[in-house]
Number of protein chains: 2
Amino acid sequence: MIPVKRVTLQDVATHAGVSMKTVSNVVRDYPHVSPAMRERVQAAVAELGYRPNLRGRSLATGRSNMLALAFPDLRRPYFAELAHVFARVSAARGYRLLLEETGGTPDGERAVLRDREAGIVDGVVLHPQALRATDLEAYREDTPLVFLGEDPQPSGADQVAIDNVAAAEQAVTHLVRLGRRRIGFLGHETGPWSFTSTLRLDGYRAGLERAGHRFDESLLVARAEGDALGAEAALGAALDDGLEIDGLLCRDDLAAIGALRALLVRGLHVPCDVAVVGWDATVLTASTVPSITSVAPDTVELASRALDLLLERIDGLDAPGRHVTVGHDVLVRESAPEP
Amino acid sequence: MIPVKRVTLQDVATHAGVSMKTVSNVVRDYPHVSPAMRERVQAAVAELGYRPNLRGRSLATGRSNMLALAFPDLRRPYFAELAHVFARVSAARGYRLLLEETGGTPDGERAVLRDREAGIVDGVVLHPQALRATDLEAYREDTPLVFLGEDPQPSGADQVAIDNVAAAEQAVTHLVRLGRRRIGFLGHETGPWSFTSTLRLDGYRAGLERAGHRFDESLLVARAEGDALGAEAALGAALDDGLEIDGLLCRDDLAAIGALRALLVRGLHVPCDVAVVGWDATVLTASTVPSITSVAPDTVELASRALDLLLERIDGLDAPGRHVTVGHDVLVRESAPEP
DNA sequence: GCGCGACTATACAGCGCTGTAAATCTGAGA
DNA sequence: TCTCAGATTTACAGCGCTGTATAGTCGCGC
């Protein structure tokens with residue numbers, strides 16, 4: 001029932017009485033094949049149940065039709081959703097997507113470029129967290145590469161991101177329009193800030209200043225762990241310590257979810273006492289109580305543009321690093337409603 | 001700066017003045033190589049920056065050291081977390097993991113077995129949703145395969161799952177011990193039930209009967225969409241329609257999250273008015289308000305056992321299908337606390 | 001000083017497929 | 001009927017690597 005050995009191109013060729021190359025041409029839809037020949041070969045293919053061996057093809061062509069998407073952690077909903085979108089978009093372009101978790105560590109991020117993808121992938125899209133693009137470029141092999149996320153210190157590589165500063169400013173402005181005066185920021189790293197956090201904090205500050213509010217470092221709440229529990233613990237501790245806020249911009253939705261819990265458990269009502277804005281607009285933020293207003297990056301556009309750039313590089317484009325900005329939105333829901 | 005052409009094994013061999021095979025032996029840690037030779041070759045490798053080309057190796061050995069994990073949808077937190085665990089566990093065994101979404105559709109599930117993995121992966125772990133293992137076996141190629149999820153109609157293939165019936169029964173028992181009498185079930189499919197739903201409903205029913213409660217079909221709430229919003233809509237409609245419950249077992253955590261919102265929005269308190277139990281114990285259920293009591297499958301064990309079985313098949317084991325059950329737990333939190 | 005066994009290193013073929021260039025075929029015009 | 005351009009088909013080499021079989025090397029005991 002299970003064939004001992006896979007059917008090979010040569011088997012089909014022999015069976016159909018033609019050359020191997022002709023079978024190859026038929027299988028790959030090469031145009032200059034006569035209809036009669038095409039039919040004959042297709043019959044043989046069907047009869048023997050032939051399926052091309054991707055390894056052999058890949059070795060011969062030097063292409064694998066696979067791309068890699070590397071990001072910190074699949075368990076963070078944003079990345080899971082991003083991966084989903086990337087998989088769709090790259091499938092639509094005829095590429096399979098290999099998903100790779102870096103753990104958000106320097107080693108993990110370097111490893112992606114240095115070791116892992118060697119020769120099994122045609123290109124890599126990397127969303128770094130610990131390292132910046134400029135640091136990572138040194139480790140780059142000859143595989144085409146596109147960075148996700150806006151590195152403030154632009155590198156020579158292609159890069160796609162939303163405008164974090166503008167988005168954060170916009171989110172703060174939304175809170176200001178709700179009459180909030182003591183607007184905090186939750187969720188950046190306790191250690192050195194990732195560049196994403198840095199940018200969002202920049203925008204947060206800009207938003208405050210634009211509204212004539214004073215930037216107050218005591219309203220910044222870092223978290224030790226990048227998940228919801230870490231955010232809950234951090235904000236909880238700060239609140240218990242006397243922190244007073246009436247608005248909160250979160251670095252990401254996980255922080256917002258943790259914030260919700262920290263606030264509600266302490267009897268603070270959202271949005272009446274504290275209005276909360278998350279970031280990424282992951283699907284679950286529509287189902288919390290209250291649902292969470294969140295900054296929504298255009299992930300489809302993000303994926304499309306990133307793959308555009310990457311495929312151009314794969315096709316041999318040699319050009320300086322290009323930096324593309326894609327759109328975003330503030331998705332208004334219950335945690336920070338319309339004024 | 002970027003080498004025009006990758007360094008090949010032959011380049012290293014020439015550079016070190018040895019044969020290609022010797023370099024290969026060094027690179028792959030073949031034992032019978034003299035220390036001096038090993039050192040010389042390693043120096044050449046380092047000097048030229050050689051990295052083995054996985055495509056070539058894969059063609060020569062017939063192995064790719066990659067496995068595929070296929071499941072319905074990455075956006076569902078359970079699968080994202082499962083994928084994360086599988087990736088770790090398989091990395092620990094020296095395999096990379098290719099993640100594949102089937103969309104939960106018959107075509108998607110068939111495609112995984114039939115087209116997609118042809119020759120690029122050494123084995124496949126498939127978590128079906130639309131089709132049962134027995135249906136899928138027909139499409140199986142010669143790639144080793146392990147099913148995830150307990151198909152009530154055991155197939156000839158290997159299978160790993162938790163005991164869904166026992167777990168559901170246990171969850172219901174927990175609700176009963178909280179004094180709940182009208183315990184509903186939320187989240188199975190509106191169309192034909194998946195076998196997972198079927199089993200969990202079986203256990204739900206068994207739990208009720210064991211407690212001497214009557215099984216009442218009007219307490220079953222199906223959802224059209226397999227996400228939280230779908231569950232919220234379904235339960236909301238049922239409640240508005242007069243459904244009265246004081247306990248609720250959900251097919252998965254997304255259903256529980258949707259349920260929370262449907263209940264709270266209608267002024268019902270969880271757990272006082274309605275106690276809720278979710279399923280999968282995804283991390284986010286610790287951060288909702290209230291946090292969600294949930295059935296926790298032992299995913300690490302699930303992944304380990306599945307890979308054990310798969311690797312044995314890859315090593316050529318020829319045996320009838322084996323069916324492994326891994327452990328689970330009811331993780332008690334606020335939505336259905338200890339009595 | 002020689003022969004043998006145990007290790008090491010090498011040569012060669014080939015994994016399954018595709019690119020290139022050359023061979024073959026077709027049919028129209030002379 | 002013959003020639004030649006254009007369209008199909010084929011032969012061959014080789015992508016980068018590893019398994020097998022073979023050759024080479026060394027040390028040791030007689």
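Residue numbers start from 1 in every chain, and the chains themselves are labelled A, B, ... in the order their sequence lines are given, proteins ahead of strands. Here the structure is a predicted model, which means the values were calculated and not measured.
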*Relative to the 5' end of DNA chain C, which residue comes earlier, A:Leu9 or B:Tyr30, by the nucleotide with the nearest heavy atom?*
B:Tyr30
*asked:* What is the separation between atom NE2 on B:His32 and atom P on D:dA23, rounded to the nearest whole Å?
replied: 20 Å
*So, the side chain of A:Glu150 versus the backbone of A:Ala161: is there a donor-acceptor pair under 3.5 Å, distance only?*
no
*Near-strand residues of residues 15-22 of chain A, defined as heavy-atom separation under 4.0 angstrom from DNA chain D*: A:Val18, A:Ser19, A:Lys21, A:Thr22
_Bounds of contact between DNA chain C and chain B, in 5' to 3' order, using a heavy-atom cut-off under 4.0 Å_ = C:dT8 to C:dG16
*Is B:Arg132 atom CZ crowded by more than 12 heavy atoms from other residues, nucleotides or ligands, each under 6.0 Å away?*
yes
*Examine distances only and state if a side-chain atom of A:Gln159 and a backbone atom of A:Gly321 form a donor-acceptor pair shorter than 3.5 Å.*
no
*Got A:Glu109 and A:Leu136 here, is their nearest side-chain heavy-atom distance under 4.5 Å?*
yes
*Are the side chain of A:Arg313 and the backbone N or O of A:Ala319 linked by a donor-acceptor pair below 3.5 Å?*
yes
*Assign the ring pair A:Phe71 / A:Phe79 to parallel, tilted or perpendicular, where the plane angle (0 to 90°) is split at 30° and 60°.*
parallel
*Under the 3.5 angstrom rule, does the side chain of B:Asp122 hit a backbone N or O of B:Ser64 as a donor-acceptor pair?*
yes
*Should we count CD of A:Gln10 as having more than 12 external heavy atoms under 6.0 Å?*
yes
*CG of B:Leu59 versus P of D:dG19: gap in Å, rounded?*
12 Å
